[in-house]
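To keep things clear, I will list the structure first and then write my remarks on it.
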Amino acid sequence: MSVLNKDLYADIIIDISIESLDKTFQYRIPDSLKDRVVAGTKVNIPFGKGDRRITGYVVSISERPKIDISKIKDIDSVCEKQIGIDDRMISLAFWMREQFGSTANEALKCVIPVKKIIKNKVERQILPLVDVLRLQEELKKAEKRHATAKKRLLEELIEEYDQGLRYELVTQKLNIAVTTINALVKDEVIKVESKTSYRSSLGKAIDRKEEKSRTEITLNDEQKTISDSIISDYKAGRRDKYLIHGITGSGKTEVYMSVIDEVIASGKSVIMLIPEISLTYQTVKRFYKRFGDSISVINSRLSAGERYDQYLRAKNGETRIVIGPRSAVFTPFDNLGLIIIDEEHEGSYKSEQSPKYSTRDVAFRRAETEGASVILGSATPSLESYSAAKAGRIKLFELTKRAGGAELPCVHIVDLRDELKARNMSIFSRKLKALMIDRLSKNEQIMLFINRRGLSGFVNCRSCGYVVKCPHCDVSLNLHNNGKLICHYCGYEQPAVTTCPSCGSPYIKSFGTGTQKVEEMINKTFPGARVLRMDADTTRNKDSYDEILSKFSNHEADILVGTQMIVKGHDFHKVTLVGILLADMSLYTSDYRSAEVTYELLSQAAGRAGRGEAKGDVVIQTYNPEHYAITTSAVHDYKGFYDEEISFRKLMNYPPSWNMLKIMVACGDEGALLRETDRVKADIDKEISLLGEEGIKVFGPSPANIYKLNDVYRMIFYIKSSDYRKLVILKDELGERQSVEKAVSLQFDFNPI
Ligand code: ADP
Ligand code: ZN
Ligand code: ZN
């Protein structure tokens, strides 16, 4: 029996994302590579005409050739600098491909957090070989001889006796010649030591010398009940899903940390997901203080080398807690115990690239297959999570009070129609203006927030607030540049209106107040007030975001004006007034989630007021003072909001009641696109008649929100179904179809946002 002589074949996904190549290709593993090629290895292979060299991922290995052996080519070599994927991640990738639709190559790429191996830095340290007294003697000698370089080095070394000095620091910053160092080495006063050092992900800002000081916080009763309950499940070996619904500042993070303690103590690892925008210095520092160097942080600002090191540290078990945004869900821990998704409702948890995965679903999947628990946390849970909790699929916990004892702010709703009647043409209502004057006189801070989502396109009446909506879909129509109002769900269209259908006013148009305009108005209305502006323009630069926030935090300005980016994260203790200049903008985007988004934004904006001792006020300016998203957020009533919203979703068969598959047909040639779209429509109809029409509905085709993008035209279908599997089957069937027209692509997005 000679196992050695048996040929082995590898199924390989080639590293090109073209649908027609989206299958495995078999290659022989030459003997010389047999012990190096395993599932997940990245390899070089000859491909196609002329045997051009390309790369691919081995996804499985077998002894059985699938085709005539003479036609099977050999693997060329292993990609030395590339990182392989481990087995679990390969299965996860294939699951993602199935669930969300993508090529296998795209799915594999997605689960590898780093692409390349990047050599670690070697860092040299200068360490004392003698005690402090002896160093002081040496110092005196050096002083006597006026050896100033030696003196500087010794002084510094005495100061940093325990830590030692970085070699580069000594040669560069202290400007000490190598000969000086070598002389001290020769006298056996110091030694130079080399060690590989991982690139830190914590940034320069974290003072690593600062003691890992656990400022002990005693959990309050609500927090303790939750923490105890999750920990006792965990200890009993029960792995489950939990949702902590707690207003901002109610102490969710403290609960996470106490559960993390337990999971770490049991020898397992933790993935802590936080939206990038909330992943501030303060947050990182808080975790560092508690868990020290066992944490590592991943964010988009890391260099490739830093990223690689975080990956390696996690893989080697040196890191026990990884904190990062969406992609950190793929951290290759071998012993995952817990995944936490903070602010789980955040849109950034949905990938915008194929596979358009939902991080929550991926986390659930990983947790199920690897025996981990999942904790979701939010002040405004997604309808998906909250309804799952109500249905008993997730355990629900509530935190109802602010932990530090601060009170919730008082919310005032201002009807903008009344302002117009009172001849107040300013963007500041009378109420807001009065409160602003009051706060400025007390030297307290103000945040003004304009909600720019949905800014483009939605048309409303300035006199009565009327919004033009689709008669079939109950979402706002969007103004396209061809002058027509179009529904993005069903394709309904009508000419743009010039007078308000409700009150006849000519002041009906698409809204557009920018942050810059608001800044101007402040300068005019409140001369002398110091204003900071934060929006896409002022934060182009990498650090400007932090800069603006820290300026505001240091009270270098009285008023901060911004878009939704100012509502997240930071605690400003001196902010006692938050003004939302027009709450309606997100309410009438052409998106079924617009009320949810509005509720979230308003709650979060309101959560910025009165975090300190003084109670805060919030002014919400709106044309729709009766809308449930506004009235419920004003009284901090999430459940009231949820009940209204879920009945709307059920009525309209929107997620989470039903599931929705968005299919985009795209092509650079408009004529070809339209012809192919008709054929896709016919194929969808045919497939649905096979699947059974019960519980499935087709909407569209209609032009995409931006119909023409980068010279590519796009048409959209929405398929709603009560059964997710039906949509997966439909996706698979359509994925197989061959387009008649050239260069037409189909893209899938499940439960899009
Ligand atoms: P969340 O994550 O829900 O926004 P945090 O955990 O960040 O809430 O807590 C908000 C603030 O209250 C923090 O400053 C935190 O230190 C403090 N805090 C949380 N729990 C307690 C507690 N049990 N006792 C005292 N302060 C607490
Ligand atoms: Zn009107
Ligand atoms: Zn419609």
Side-chain angles (χ1 to χ4, degrees), residues 210 212-231 242-262 270-291 295 297 321 323-325 338-346 349 374-382 385-386 389 396-409 447 549 553 566-575 578 600-616 633 636 638:
E210 188 177 346
K212 187 181 136 194
S213 59
R214 298 178 60 136
T215 33
E216 280 302 337
I217 281 186
T218 319
L219 296 184
N220 63 34
D221 290 348
E222 280 187 334
Q223 288 170 314
K224 192 158 170 14
T225 310
I226 300 173
S227 164
D228 286 353
S229 169
I230 298 176
I231 289 174
Y242 309 89
L243 169 62
I244 304 177
H245 171 216
I247 52 172
T248 23
S250 60
K252 294 183 293 295
T253 309
E254 289 299 326
V255 176
Y256 303 150
M257 295 202 288
S258 85
V259 180
I260 291 174
D261 259 341
E262 186 59 41
V270 178
I271 296 174
M272 168 93 214
L273 303 177
I274 299 181
E276 176 117 32
I277 195 154
S278 316
L279 198 55
T280 56
Y281 168 62
Q282 284 171 354
T283 316
V284 172
K285 192 164 151 187
R286 197 167 161 193
F287 277 87
Y288 184 73
K289 273 192 151 178
R290 177 105 173 213
F291 300 106
I295 70 165
V297 178
I321 307 162
I323 304 175
L338 174 68
I339 303 175
I340 296 168
I341 307 183
D342 191 33
E343 319 253 6
E344 64 87 25
H345 61 275
E346 269 285 315
Y349 284 124
V374 179
I375 303 177
L376 309 175
S378 174
T380 53
S382 62
S385 299
Y386 202 75
L396 179 63
F397 294 112
E398 311 261 353
L399 283 172
T400 55
K401 296 187 285 280
R402 277 188 170 176
E407 279 179 79
L408 286 170
M447 285 169 90
L549 291 176
S553 180
I566 65 172
V567 307
K568 313 270 157 119
H570 278 246
D571 263 10
F572 300 111
H573 284 256
K574 277 201 169 164
V575 172
V578 169
E600 260 164 46
L601 288 173
L602 294 183
S603 311
Q604 250 157 9
R608 297 299 114 203
R611 305 277 293 208
E613 268 121 60
K615 190 170 160 80
S633 74
H636 319 289
Y638 176 80

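All values below come from the heavy atoms of this structure, side chains included, with hydrogens, waters and symmetry mates left out. When a ligand or atom number is given, it counts from 1 through the structure's own listing order.
In this structure, the separation between CD1 on I274 and OG1 on T253 is 7.0 Å, given to the nearest 0.5 Å.
For ligand 1 and G251, the ligand atoms under 4.0 Å from any heavy atom of the residue are 1 (P), 3 (O), 5 (P), 6 (O), 8 (O), 9 (O), 19 (C). The T218 neighbourhood of ligand 1 comprises atoms 22 (C), 23 (N), 24 (N), with distances under 4.0 Å to a heavy atom of that residue. Heavy-atom proximity to L219, at under 4.0 Å, picks out these atoms of ligand 1: 23 (N). The contact set between ligand 1 and N220, taken as ligand atoms under 4.0 Å from a residue heavy atom, comprises 23 (N).
For D342, no heavy-atom contact with ligand 1 is shorter than 4.0 Å. Within the 4.0 Å heavy-atom criterion, the part of R286 lying near ligand 1 is the side chain and not the backbone.
At least one N or O atom of G249 sits closer than 3.5 Å to an N or O atom of ligand 1. Distances between N or O atoms of Q223 and those of ligand 1 include at least one value under 3.5 Å. Taking any N or O of I217, backbone or side chain, none lies under 3.5 Å from an N or O belonging to ligand 1.
With sequence neighbours excluded, no residue forms a side-chain hydrogen bond (donor to acceptor under 3.5 Å, both in side chains) with T218.
Between the side chain of Y638 and the backbone N or O of P381, at least one donor-acceptor pair lies under 3.5 Å.
Each of T380, L601, L602 was checked for a side-chain contact (heavy atoms from CB on, under 4.5 Å) with S633, and the lone residue meeting it is L602. Screening E343, H245, E344, K252 against S378 for a side-chain contact (heavy atoms from CB on, under 4.5 Å) leaves a single residue, E344.
By heavy-atom distance, the residue among G377, A403, S250, S378 lying nearest atom 27 (C) of ligand 1 is A403.
Taking the six-membered ring for Trp and thresholds of 30 and 60 degrees, Y242 and F397 have nearly parallel ring planes, at less than 30 degrees apart.
The shortest distance between side-chain heavy atoms of E254 and K224 does not fall below 4.5 Å.
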